[in-house]
Asker: 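A single structure is presented below for examination.
Letters A, B, ... are given to chains in the order of the sequence lines, protein chains preceding strands, and every chain is numbered from 1.
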Amino acid sequence: MSGPRAIAGALAVVVVALCATRSAHAALQIEITSGVRDPVPIAIVPFARAVPADGGLDVAEVVQHDLEGSGRFRALPRERMPATPTRADEIAAPLWKGAGSDYVVVGRVSAMESGQVAVDFDLVNTLTGARLATQRFVGAPGALRNAAHRVSDAIYQKILGVRGAFATRIAYVAVDGSPPAQHFQLIVADADGANQHLVLESRFPLMSPSWSPDGQWLAYVSFETKHSGVYVQLVRSGERRQVSARAGVNGAPEWSPDGRKLALTLGGSSGNPDIYILDLASQDLTRITDDPAIDTEPVWAPDGHSLYFTSDRAGSAQIYQIGAQPGARPKRITFGGSYNARPRVSPDGSQLAMVTLDNGAYRVAVQDLASGTVRVLSHGRLDESPSFAPNGATLIYAERDGERGALATVSIDGLTGLRLKAPQGEVREPAWGPFSP
Amino acid sequence: MRRVIVVLLVAASLALGACAHKRPKPAPPEAPDASAGAQGSGANTANAAAGADEEGAGPQAGLLATKVVYFDFDSSEIKGTGTDVVAAHAKYLTAHSNTRVRLEGHTDERGSREYNIGLGERRAQSVRRALLLQGAADAQISTVSYGEERPAVPGHDEAAWAKNRRVEIVYLTQPLAPKQ
Amino acid sequence: MQRASDRWVSIALSVLLHGALLAALVYGWLMFRQPPRPAPTLAIEATVVDARAVRGALRPPPQPAPPAAPAPTEPPQEPVGPPQPTPEERTRREQQRQQAEAAAAEERRAAEQKAAEQQAAQAKQAEEQRKAEERAAAQKRAAEERQRQADAQESSERLADLQRSLAAEERAKVARSGAALASWESQIAAKVTRAWLRPPTARPGIECVLNVTQVPGGEVTQVSIGECNGDQAVRESIEAAVYRASPLPPPPDPALFDRNLKINFKPD
């Protein structure tokens, strides 16, 4: 009886054939939905020097400090570098891959006939051997450090896709001495803490520095008259103007995105702090909140149409949003926990940084405004004053390091960065300046 | 990795330290004209306005020697001995209608700074209302809030914080102008 | 995860597979439902015949006709003046003749009757014999029929068993390789996930496909980016992820090794 057997055999062959075909199509489809946010391993090889034009500056060290300080990179220590190339074609990629680096940066500083200094660098991917970037920055010898920051910006952008903010500045308050005999200073420095420049010093408290959008002015609060007053000062020249010294509280100045207005807090003689908008040119004052609660710490949304602020109208400090016109009704933004204050908005308007009470500790947190998800980014007990870098990728804030206050940075996804301390006294209230034009 | 961070910290500290020494000498005290331009060096020194806000010792008899009222955390309610202290000062102010005081509100260091300015102001206003209720005149009282910026006691524990949550009653030397 | 187009291909192949199985089973069922004509086993080809024909066919050998009452055929002796019978003689002869005729007729009748009876009996006998034979044949046919059916049943059952066991074996093989495949895929996914340093621009909504070639041993020899809506940083990072994960883990069953992988990056 060959018939049935033949059929069975044919059937089996068909079945096997179809299954085999199906397997071949479905083989090895792999889906990856998450990665790790670990720092990218990178090697920044010491640049070739231009003595004496480079003034002794170790450009690679500045770049390494920038990239590691962002929290997103981990640099190969110099003693573990297998070679010291200064040009892309000198790089043996597998050697560096073997040393554990995904990328290698090499470069050269050279003096030009014009008296200027040039910084050339190459960025190479050790996994593929491909050269990702080659660039040159030229400037005065005194600006070599800034050129190094621009190298860091270029590398950061190439690898992470986000504009770097290393060639920017910060403002902060430094305090020396013990109360009541304290000494206050308002300081502007590079984002890595170098090149400090004294803007103002006083025996009375200085608070709440705020950068103008063009990076030329600082607004701040000073108690030099024994009462609070809001001032604006041109950083370059020191020229300053008092813009509000009304009775009661004058505080929390914040420049509008168009640079023409200040949002600020005024308490008046009744002592009830509310949010106002002051037009700097006309000195017109527009009242935004009118409520017996404490309404303070206004900050503009990037589109300039609304403000976020702190209010305890619900019984404890929470953050609200309100249109930047009189008669607008505020909308509550924070709902988690009993204390959320001091809002700051990311440059793209999507994230809100704040100080939150987290299990008895005051910490810096970021809330995604679309989803409401809150992530606590810092880990101290008395963290405060968060400020976004202009690329939105990093936050600087003040923390208490034991007895003394220090500044710290953290990436938006929680990778810890730099810490900036004063040799004596403490530093507080950082404000991150905008991109340099 | 740890070593690198330490190296960076040291480097950063050194950087800050090195720059600190470059601080220029403070400019000579200026007249209290805050809207005037400043020197081209870019550094300014802000100085206290002379005259109108000079502090004096004020009365020292009995309860009047106490010129501080303390508060509970997150509260602007006057209680306990504070009530008596305020009553004493109210009585004095009522009796000395030219005397001026400045009420300085403070908070402990916890929480955000500008919000604490508001809390300090609330405490100062609380004392002010109590004084007004008990006979003082509105013109005799000015208020200011320092928030957490001028603690009385350094320290980062409840003992220090309790001492910093206060309103200070500061007697000013310049009396009220006589009524026209 | 399969993309939409792959899912349709898999569905089509699945339908094809099931269709083939179904077709084979139906065909098999059809084939064994009607047993084939059984091969002839009787010596005699039995066909239904008419009883009358049987009689005719089985006419006993003609017995000699019973001697008919001898017709007294007198020798014609009359011409001479034989003595003319007397009327009494004539009557007597007539009577005798009649009697003889009658007897003869009687005998004839009896003989015919007997013959008929014999014929009938023989016919009957033949009939019975035929019937008996027919019955026997029918019984035999029935028996054979049952035998055939039993055989057919057995063979179709055997075929079904064979099909079932073949299918089961196939399924088991597919399941084993499917499970092993899935395990291998998840091992690769885990390693690449750990190796992917995700840049800030890898946000939900980004989807990128990498076509990866590996050699036995897992070393990645080629990576090419297919459809991808991520920026340069994303593309760099996913390529780097695969290279950093190289060599990829081997499959639990070496027979499953495939040089070509498709890795889909879809950050959440």
Side-chain angles (χ1 to χ4, degrees), chain A residues 65 68-69 74-75 77 178-180 192-205 207-208 222-229 235-242 248-249 251-252 265 267 271 273 294 296-297 310 317 339 341-342 355 362 382 384-385 400 418-423 429, chain B residues 1 3-5 8-9 11-17 19-20 22-24 26 32 34-49 53 55 74 102 105 109-115 117-119 121-122 124-125 128 138 142-147 149-154 156:
Chain A
H65 187 248
E68 282 196 311
R74 187 180 75 245
S178 351
D192 63 353
N195 282 339
Q196 291 169 67
H197 167 70
L198 181 66
V199 170
L200 183 71
E201 58 183 336
S202 172
R203 287 191 294 120
F204 298 94
M207 287 176 73
S208 305
S222 168
F223 283 81
E224 64 202 63
T225 59
K226 299 250 178 81
H227 293 267
S228 59
V235 176
R236 190 179 63 244
S237 68
E239 169 198 334
R240 69 196 289 245
R241 279 204 325 265
Q242 185 187 69
V249 174
T265 300
I294 296 173
T296 184
E297 296 173 332
T310 307
Y339 187 101
R342 187 41 169 78
V355 176
Y362 291 88
L382 288 166
E384 59 180 19
S385 310
R400 184 153 296 282
L418 283 175
R419 177 177 283 167
L420 300 166
K421 290 163 57 146
E429 298 216 73
Chain B
M1 177 65 172
R3 199 177 309 155
V4 174
I5 293 291
L8 289 171
L9 281 176
S13 322
L14 286 173
L16 283 168
C19 292
K22 294 201 188 109
R23 191 163 56 214
S35 59
Q39 288 78 358
S41 69
N44 283 279
T45 304
N47 286 295
D53 280 317
E55 296 126 30
D74 211 23
R102 185 172 63 227
E109 65 180 347
R110 291 174 289 176
S112 84
R113 291 180 183 267
E114 287 282 0
Y115 181 70
I117 294 282
L119 282 179
E121 178 74 6
R122 202 179 258 167
Q125 289 291 330
R128 174 170 166 271
D138 189 50
S142 61
T143 60
V144 66
S145 168
Y146 285 104
E149 307 300 303
R150 291 193 110 186
V153 171
H156 312 290

Asker: Which of the residues Val153(B), Asp74(B), Ile117(B), Thr143(B) is involved in the greatest number of heavy-atom pairs with chain A at under 4.5 angstrom?
Answerer: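 Max contact count across the listed options: Ile117(B).
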Asker: OH/Tyr339(A) to OG/Ser112(B) distance, rounded to the nearest 0.5 angstrom?
Answerer: 4.0 Å
Asker: Any side-chain to backbone donor/acceptor pair from Glu149(B) onto Pro205(A)? Under 3.5 Å, distance only.
Answerer: no
Asker: Quick one: OG on Ser385(A) to CZ on Arg113(B), what's the gap to the nearest 0.5 Å?
Answerer: 6.0 Å
Asker: Sort out for me which of Pro154(B), Pro151(B), Ser142(B) touches chain A most, counting heavy-atom pairs under 4.5 Å.
Answerer: Pro151(B)
Asker: Do side-chain atoms of Glu297(A) reach the backbone of Tyr115(B) as a donor and acceptor pair under 3.5 angstrom?
Answerer: yes
Asker: Using a cut-off of under 4.5 Å for heavy-atom pairs, which of Ser208(A), Ser228(A), Ala252(A), Gly251(A) has the most such pairs with chain B?
Answerer: Ala252(A)
Asker: Looking at CD of Glu109(B) and CG of Leu382(A), how far apart are the two atoms once the value is rounded to the nearest 0.5 Å?
Answerer: 5.0 Å
Asker: Checking side-chain polar atoms at under 3.5 Å, does Thr265(A) have a donor or acceptor matched by the opposite partner on Glu114(B)?
Answerer: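 No pair is found: no donor N or O on one side chain lies under 3.5 Å from an acceptor on the other.
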Asker: Can you say whether Thr310(A) sits under 4.5 Å from chain B via the side chain, the backbone, both, or neither, judging by heavy atoms?
Answerer: side chain
Asker: Under a 4.5 Å cutoff for heavy-atom pairs, which residue among Arg150(B), Arg110(B), Glu121(B), His156(B) has the most contacts with chain A?
Answerer: His156(B)
Asker: About how many Å separate NZ of Lys226(A) and CZ of Arg102(B), when rounded to the nearest 0.5 Å?
Answerer: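 Arg102(B) atom CZ to Lys226(A) atom NZ measures 5.5 Å (nearest 0.5 Å).
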